[in-house]
Amino acid sequence: MKIRRVLLHFFPRYAVGRMVIYGKLMRIDKPIGTLLLLWPTYWALWVASEGLPQADIFWAFTAGTFFMRSAGCVINDFADRNFDGSVERTKNRPFARGLVSKTEAILLTVILCLLAALCMTPLNLLTWVMSVPALFLAMTYPFTKRFFPLPQFYLGLAFSFGIPMAFAAVRSGVPSTAWLMFTANALWTLAYDTIYAMSDKEDDLKIGIKTSAITFGDHDISASMLCHFWFTALMAVLGVKIGATWPYWIMLPAVVWLQIGQYHAIKTRDRQTCFKVFLDNNYIGLLWFLGLAGHYLWTVAATRL
């Protein structure tokens, strides 16, 4: 409310109203998507730079991730504008309530993509080249729910492209380590977004869109946990590959403990519980980042001793 009062002081009431609506369309009030995109990007930046990412590259990826996630939310709501009103969790979104037009959504998406491109100004040509498939995946994902049985896997590819882009920006190349992390993150995304889809399963069945939770059927929980298992296994392989020290390895049992807790929670198949479990994946991303940051800090400290 304080922010709204400040805006009203400088801008006309109509403009403030539109900005609030656009903010909701961009999910500024729900940063979980940005965080789930940022953690793997930060993993890649730390590994690629061996714990010392340049400030300009760090801030370019941080701001760019925010803008692209926001653009993805806008185009997602544009694609789902005829469905969201029938889903309990999304019935109050701006499009579902008729608060925004198609033209506004498309224009906002273009502006956000241009802002993301502006963030890439200090980055090299390879990073720009890598951004093309990343943009394509982000903009087309919402439409895959009409025909692709595993749209959450497609989302996993979109959510993972920050990893090879980070390596390209730091090393001017994309080594096998980047693709190892890319695969691990795609599996993690498939795991947590299937759990997310479980919270909407009844509504999605009624309106006829496709999700991994529907495709996996009664095996949705098993499929999610299998993806979690291979994600964690690949992160362990990453640890071996980079010669990780103890700060990284102590995160492994902590992550497994959280995953076991997720398994027991989603067995209830309760909507709110599944949604909360989805949100809690933020802690898994944070733990792996702390493990990587701690590893490189310990390595530097050990070298100086």
Side-chain angles (χ1 to χ4, degrees), residues 3 7 18-79 104-142 154-175 177-179 181-182 185-186 189 282 285-286 288-289 292-293:
I3 296 175
L7 289 172
R18 301 318 294 166
M19 290 168 68
V20 171
I21 291 171
Y22 297 157
K24 288 185 177 295
L25 202 60
M26 294 162 57
R27 310 282 202 281
I28 291 178
D29 57 330
K30 296 178 180 178
I32 181 62
T34 301
L35 291 170
L36 290 173
L37 270 168
L38 277 176
W39 293 131
T41 304
Y42 287 168
W43 304 341
L45 284 174
W46 256 252
V47 173
S49 65
E50 297 187 342
L52 293 170
Q54 293 177 215
D56 57 344
I57 294 178
F58 174 82
W59 289 115
F61 274 93
T62 300
T65 296
F66 168 76
F67 288 128
M68 279 310 302
R69 186 262 177 164
S70 298
C73 289
V74 177
I75 200 66
N76 181 79
D77 283 13
F78 172 81
E104 286 177 294
I106 293 172
L107 183 59
L108 181 58
T109 300
V110 171
I111 292 172
L112 289 167
C113 288
L114 289 174
L115 288 171
L118 187 63
C119 293
M120 294 177 57
T121 303
L123 306 181
N124 59 36
L125 178 59
L126 179 59
T127 312
W128 281 87
V129 172
M130 296 294 293
S131 73
V132 175
L135 177 64
F136 174 79
L137 289 168
M139 293 297 102
T140 55
Y141 156 70
Y154 197 93
L155 180 68
L157 301 180
F159 265 41
S160 301
F161 245 92
I163 294 171
M165 286 179 65
F167 273 88
V170 174
R171 297 190 182 181
S172 298
V174 186
T177 302
W179 297 114
M181 297 174 70
F182 181 98
N185 190 65
T189 307
N282 176 50
L286 172 62
W288 281 126
F289 172 70
L292 284 166

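Counting begins at 1 with the first residue of the sequence. Please read these numbers as outputs of a predicted model, since none were measured by experiment.
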Side chain to side chain, [X] and [Y], heavy atoms closer than 4.5 Å:
X      : Y      : answer
Ser131 : Met165 : yes
Val74  : Tyr22  : no
Met68  : Cys113 : yes
Ile28  : Phe66  : yes
Lys24  : Lys30  : no
Thr177 : Arg171 : no
Thr109 : Met139 : yes

Rounded to the nearest 0.5 Å, what separation is found between the [atom1] atom of [X] and the [atom2] atom of [Y]?
X      : Y      : atom1 : atom2 : result
Phe78  : Cys73  : CZ    : SG    : 15.5 Å
Met181 : Thr41  : CE    : OG1   : 9.0 Å
Leu112 : Arg69  : CG    : CZ    : 11.5 Å
Thr121 : Leu123 : OG1   : CG    : 8.0 Å
Leu37  : Thr62  : CG    : OG1   : 11.5 Å
Leu137 : Leu157 : CG    : CG    : 6.0 Å

Which atom of [X] lies closest to which atom of [Y], heavy atoms considered:
X      : Y      : answer
Ala117 : Trp128 : O-CH2, 3.4 Å
Pro122 : Ala60  : CG-CB, 4.3 Å
Gly156 : Ser160 : O-OG, 2.6 Å
Ala63  : Cys119 : CB-SG, 3.6 Å
Trp39  : Asn282 : NE1-OD1, 2.6 Å
Leu45  : Ala166 : CD2-CB, 3.7 Å

query = Should we say atom CH2 of Trp179 is surrounded by more than 12 heavy atoms from elsewhere, each under 6.0 Å from it?
reply = yes

message = Quick one about Asn185 and Trp43 (side-chain donor to acceptor, distance below 3.5 Å, no hydrogens or angles considered), yes or no?
response = no

query = How far apart are the C-alpha atoms of Arg27 and Asp77, what are their side-chain angles, what is the distance that settles it, and do they pass the salt bridge (Lys or Arg N to Asp or Glu O under 4.0 Å) test?
reply = CA-CA 11 Å; Arg27 310 282 202 281; Asp77 283 13; 2.8 Å; yes

message = Name the residue from Phe136, Tyr154, Phe182 that meets the ring-ring contact (aromatic ring centres under 6.0 Å, His included) definition with Phe161.
response =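 Result: among Phe136, Tyr154, Phe182, Phe182 is the only option passing the ring-ring contact (aromatic ring centres under 6.0 Å, His included) with Phe161.
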
ask   = Would a line drawn from the ring center of Tyr42 to the ring center of Phe61 be shorter than 6.0 Å?
value = no

inquiry  = Just checking Trp46 against Phe289, ring centres under 6.0 Å apart?
reply    =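 Ring-ring flag for Trp46/Phe289: true, centres closer than 6.0 Å.
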
query = Under the 3.5 angstrom rule, does the side chain of Asn124 hit a backbone N or O of Ala168 as a donor-acceptor pair?
reply =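 A pair under 3.5 Å: yes.
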
